[in-house]
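Reviewing the structure listed below.
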Amino acid sequence: MINPEDPDIMYLGGVSGGVWKTTDGGDSWLPISDLLANIAINSMAMHPEDPDVIYVGTGEGYFREVVRGTWLPLRGAGIFVTTDGGSSWERLRSTTTEDFHWVNDLIISEKDPDTIYAATRTGVHLSEDGGSSWTRLLDPDVNGGCLDLAVRTDKPNDWLFAACGTFEQATVYRRKMRASGEWEAVLSETGMGRTTLAIAPSDQRVLYALSPSNLPGPNAHDQHALHAVYRSESGADQGSWQVLVDNRDSDKLNTMILTNAYAASYADCGVDESNAWVPMGWY
């Protein structure tokens, strides 16, 4: 995250490495969270009016224990906040429950900084008092809970988008906050895995969704590689999503966006993946 008042001040969070800060545009970095109860930083959010106020969510919630076969989940310890640019931290007492063992994403509303949205393994949670208390807005009852959030801010009230589900069918939801409407499932194509979201800053009617594949794919070896990149030009309405590229693309590189290109090419080259050497850290 970049301090909007002084771009030489930036913060980085690492899933196993805490929070780091630079005050010289990245020439040097210092750890500022080593004394926290947990430094598995998975999400960060900066107060829209005071850049010294930063919230961080802990817990590596993307199933590292499954992907790497360690069966040792890097559980978090809730949400922490600093009001002095990282010199001191305090854990939000309201987040010491199991709902916040894995905090995958955090967003602070630009319209009301006391409004905070959190995506965790148990769904989407809302605080309207700066994190003192929380209400669960969405329980998708799916593996992984909710993993990514995006907020449309060009309307009188926030439009909240949530992507939920990993290693099984994922779904993108939309909710118009402070309105009578409930959650709408706006995108859930067969095979979609963990999905990430982005809103075009030039036109917030335009949304993008990028998903890996839970299925083997047309070549029978594209599982967890690219499933598709989607685009909506009408605020994510159902039926408005267009496929920009998917794993049926004739360009092999396009089908390997989300994985290790070296390993993903094994099947095409006739290599036995179980015996192939892959440089550690390429995953």
Side-chain angles (χ1 to χ4, degrees), residues 1 11-21 31-48 53-67 72-83 86 88-109 113-151 158 160-167 170-173 175 177 183 194-198:
M1 297 186 304
Y11 301 85
L12 290 175
V15 289
S16 303
V19 181
W20 295 71
K21 181 178 181 178
I32 59 174
S33 67
D34 281 3
L35 298 181
L36 291 186
N38 187 290
I39 60 170
I41 307 300
N42 202 48
S43 51
M44 307 173 72
M46 182 178 286
H47 193 289
V53 177
I54 297 168
Y55 293 80
V56 298
T58 58
E60 189 172 342
Y62 300 142
F63 288 89
R64 168 191 183 276
E65 66 271 25
V66 175
V67 175
L72 296 172
L74 293 183
R75 206 201 84 182
I79 297 173
F80 295 79
V81 61
T82 177
T83 59
S88 62
W89 296 86
E90 179 182 1
R91 179 164 56 175
L92 298 180
R93 292 183 180 181
S94 59
T95 65
T96 58
T97 68
E98 293 183 0
D99 282 333
F100 297 92
H101 283 177
W102 288 277
V103 183
N104 298 318
D105 200 6
L106 287 171
I107 291 181
I108 302 174
S109 173
D114 283 335
T115 297
I116 306 172
Y117 307 106
T120 81
R121 278 195 183 180
T122 62
V124 177
H125 301 263
L126 166 69
S127 174
E128 296 180 293
D129 51 19
S132 296
S133 62
W134 297 84
T135 300
R136 182 156 57 186
L137 294 180
L138 173 65
D139 179 3
D141 191 24
V142 65
N143 187 56
C146 296
L147 298 106
D148 199 30
L149 298 173
V151 173
D158 289 341
L160 180 61
F161 301 89
C164 307
T166 186
F167 298 128
T171 301
V172 177
Y173 297 90
R175 179 168 176 171
M177 301 303 296
W183 288 101
R194 169 191 162 194
T195 301
T196 54
L197 304 170

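Hydrogens, waters and symmetry mates play no part in the numbers below; they use all other heavy atoms, side chains included.
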Exercise. Do Cys164 and Leu138 have side-chain heavy atoms sitting under 4.5 Å apart?
Worked result: yes
Problem set entry | From Arg93 atom CZ to Ile79 atom CD1, the distance as rounded to the nearest 0.5 Å | 15.5 Å
Problem set entry | Donor-acceptor contact present, side-chain Asp158 to main-chain Val151, <3.5 Å | no
Exercise. Mind checking whether Asn42 and Val103 have side chains closer than 4.5 Å, heavy atoms only?
Worked result: no
For this session: Could you tell me which non-hydrogen atom of Gly86 sits nearest to which non-hydrogen atom of Thr82, and how far apart they are?
Result: N-OG1, 2.9 Å
Problem set entry | Value rounded to 0.5 Å, distance of CD1 in Ile41 from CD in Glu60 | 11.5 Å
Exercise. Can Thr120 and Asp99 be counted as having a side-chain donor-acceptor contact under 3.5 angstrom?
Worked result: no
For this session: Compare all side-chain heavy atoms of Trp102 with those of Arg75 and state whether any distance is below 4.5 angstrom.
Result: yes
Exercise. Just by modelled atom types, is the Thr166 backbone N or O under 3.5 Å from a matching donor or acceptor in the Asn143 side chain?
Worked result: yes
Exercise. Roughly how far apart are Leu137 CG and Asp139 CG, rounded to 0.5 Å?
Worked result: 11.5 Å
Exercise. Do any N or O atoms from the side chain of Arg91 and from the backbone of Ala77 form a donor-acceptor pair under 3.5 angstrom?
Worked result: yes
Exercise. What is the distance from atom CG of Leu126 to atom OH of Tyr117, rounded to the nearest 0.5 Å?
Worked result: 6.5 Å
Seminar exercise, completed: Arg121 and Asn104 have their tightest heavy-atom pair at N-ND2, 3.9 Å
Seminar exercise, completed: Between Phe100 and Ala118 the two heavy atoms that sit nearest each other are CE2-CB, 4.3 Å
Exercise. So, the side chain of Ser16 versus the backbone of Ala40: is there a donor-acceptor pair under 3.5 Å, distance only?
Worked result: no
Exercise. Rounded to the nearest 0.5 Å, how far apart are CG of Asp129 and OG of Ser94?
Worked result: 7.5 Å
For this session: Find out whether Ile108 and Pro48 are in side-chain contact, i.e. whether some heavy atom of one side chain is under 4.5 Å from a heavy atom of the other.
Result: yes
Exercise. Do the side chain of Asn38 and the main chain of Gly78 share a donor and acceptor less than 3.5 angstrom apart?
Worked result: no
Exercise. What pair of heavy atoms forms the shortest contact from Ala162 to Val124, and how long is it?
Worked result: CB-CG2, 3.7 Å
Exercise. If every non-hydrogen atom of Ser43 is compared with every non-hydrogen atom of Asp105, which pair is closest and at what distance?
Worked result: CB-CA, 3.6 Å
Problem set entry | Any Ser33 side-chain heavy atom under 4.5 Å of Val56 side chain | no
Exercise. Can you check whether Tyr55 reaches Val81 side chain to side chain, under 4.5 Å on heavy atoms?
Worked result: yes
For this session: Check Ser127 against Trp134 and note the closest heavy-atom contact, atom names and distance.
Result: N-CE3, 3.5 Å
Exercise. Quick check: does any side chain N or O of Ser109 sit under 3.5 Å from a backbone N or O of Thr115, one acting as donor and the other as acceptor?
Worked result: no
For this session: Give a yes or no answer on whether the side chain of Asp148 reaches the backbone of Leu197 with a donor-acceptor pair at less than 3.5 Å.
Result: yes
Exercise. Looking at side-chain heavy atoms only, is the closest gap between Ile54 and Tyr11 below 4.5 Å?
Worked result: yes
Problem set entry | Side-chain touch Ile107/Ile116, heavy atoms, less than 4.5 angstrom | no
Problem set entry | From Thr122 atom OG1 to Arg136 atom CZ, the distance as rounded to the nearest 0.5 Å | 5.0 Å
Exercise. Using the ring of each side chain (for Trp, its six-membered ring), is Tyr173 parallel, tilted or perpendicular to Trp183, with breaks at 30° and 60°?
Worked result: perpendicular
For this session: Mind running side chain to side chain contact (heavy atoms under 4.5 Å, CB included) on Thr195 and Val172 for me, showing each step along the way?
Result: CA-CA 8 Å; Thr195 301; Val172 177; 4.1 Å; yes
